[in-house]
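Have a look at the structure below before the remarks.
When reading the values below, keep in mind they use all heavy atoms of this one structure, side chains included, and skip hydrogens, waters and symmetry mates.
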Amino acid sequence: TFHNSSRDGPILTNTTLNVLRYLGKYMLMMDSLKPIAFDVLLSMSQLFEYYMYAVYMFFGSTNVESSNPRLAQLLLKIQSTIIAADEPRPSGINIPAPQVSDLINLHDAQNLFGLK
């Protein structure tokens, strides 16, 4: 049967819930550690951006520019600010690009897309 997605709500994975739990714990710690709270907030924002970038790179469409220009702009911003480039950035933020293990094949339906 067809399900109305606006009524059913978002689909969340266990990993997403864990990331959100950790962000909540960090927010509670920020209340106690006021001198570094702003730095913690920036780092949490970068962590969330990296997580979103990784999920999209693994499971998203390859033609994002035509489907959603705002998302394409956001992904480009993330790639240019925190994903490691060929040359180190002066800001010091050079996180390696996410990669799927060679043992996982996300395109193989026979092996449940890497879950088997």
Donor-acceptor pairs under 3.5 angstrom involving side-chain atoms of residues 22-40: please list them, not counting sequence neighbours.
{"from": "Asp31", "atom 1": "OD1", "to": "Lys34", "atom 2": "NZ", "distance (Å)": "3.0"}
{"from": "Lys34", "atom 1": "NZ", "to": "Asp31", "atom 2": "O", "distance (Å)": "3.1"}

- Task: Under the side-chain hydrogen bond (donor to acceptor under 3.5 Å, both in side chains) rule, collect the residues that match up with Arg21, sequence neighbours excluded.
- Result: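 Here the qualifying residues are Asn18.
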
- Set of side-chain hydrogen bond (donor to acceptor under 3.5 Å, both in side chains) partners for Tyr51, sequence neighbours left out: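 By the side-chain hydrogen bond (donor to acceptor under 3.5 Å, both in side chains) rule, Tyr51 matches Thr16.
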
- Task: List for me each residue that meets side chain to side chain contact (heavy atoms under 4.5 Å, CB included) alongside Gln46, sequence neighbours excluded, and say none if there are none.
- Result: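 Partners of Gln46 by the side chain to side chain contact (heavy atoms under 4.5 Å, CB included) criterion, ordered by chain and then number, come out as Ile82, Ile93.
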
- Item | side chain to side chain contact (heavy atoms under 4.5 Å, CB included) partners of Ala97, counting only residues at least two apart |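 Counting only residues at least two positions away or on another chain, Ala97 forms a side chain to side chain contact (heavy atoms under 4.5 Å, CB included) with Ile83.
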
- Item | Closest contact, heavy atoms only, Ile78 versus Glu49 |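 Here Ile78 and Glu49 meet closest at CD1-O, 3.7 Å.
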
- Message: Would you compute the distance between atom OG1 of Thr81 and atom OH of Tyr53 and round it to the nearest 0.5 angstrom?
- Response: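 The distance works out to 10.0 Å.
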
- Item | Linked, directly or transitively: Tyr50 and Leu42 (ILVMFWY side chains, under 4.5 Å) |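 The answer is no; the residues belong to distinct hydrophobic clusters.
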
- Using links of under 4.5 Å between side-chain heavy atoms of ILVMFWY residues, direct or through other members, which residues join Leu76 in one cluster?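 Its cluster mates, by chain and number: none.
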
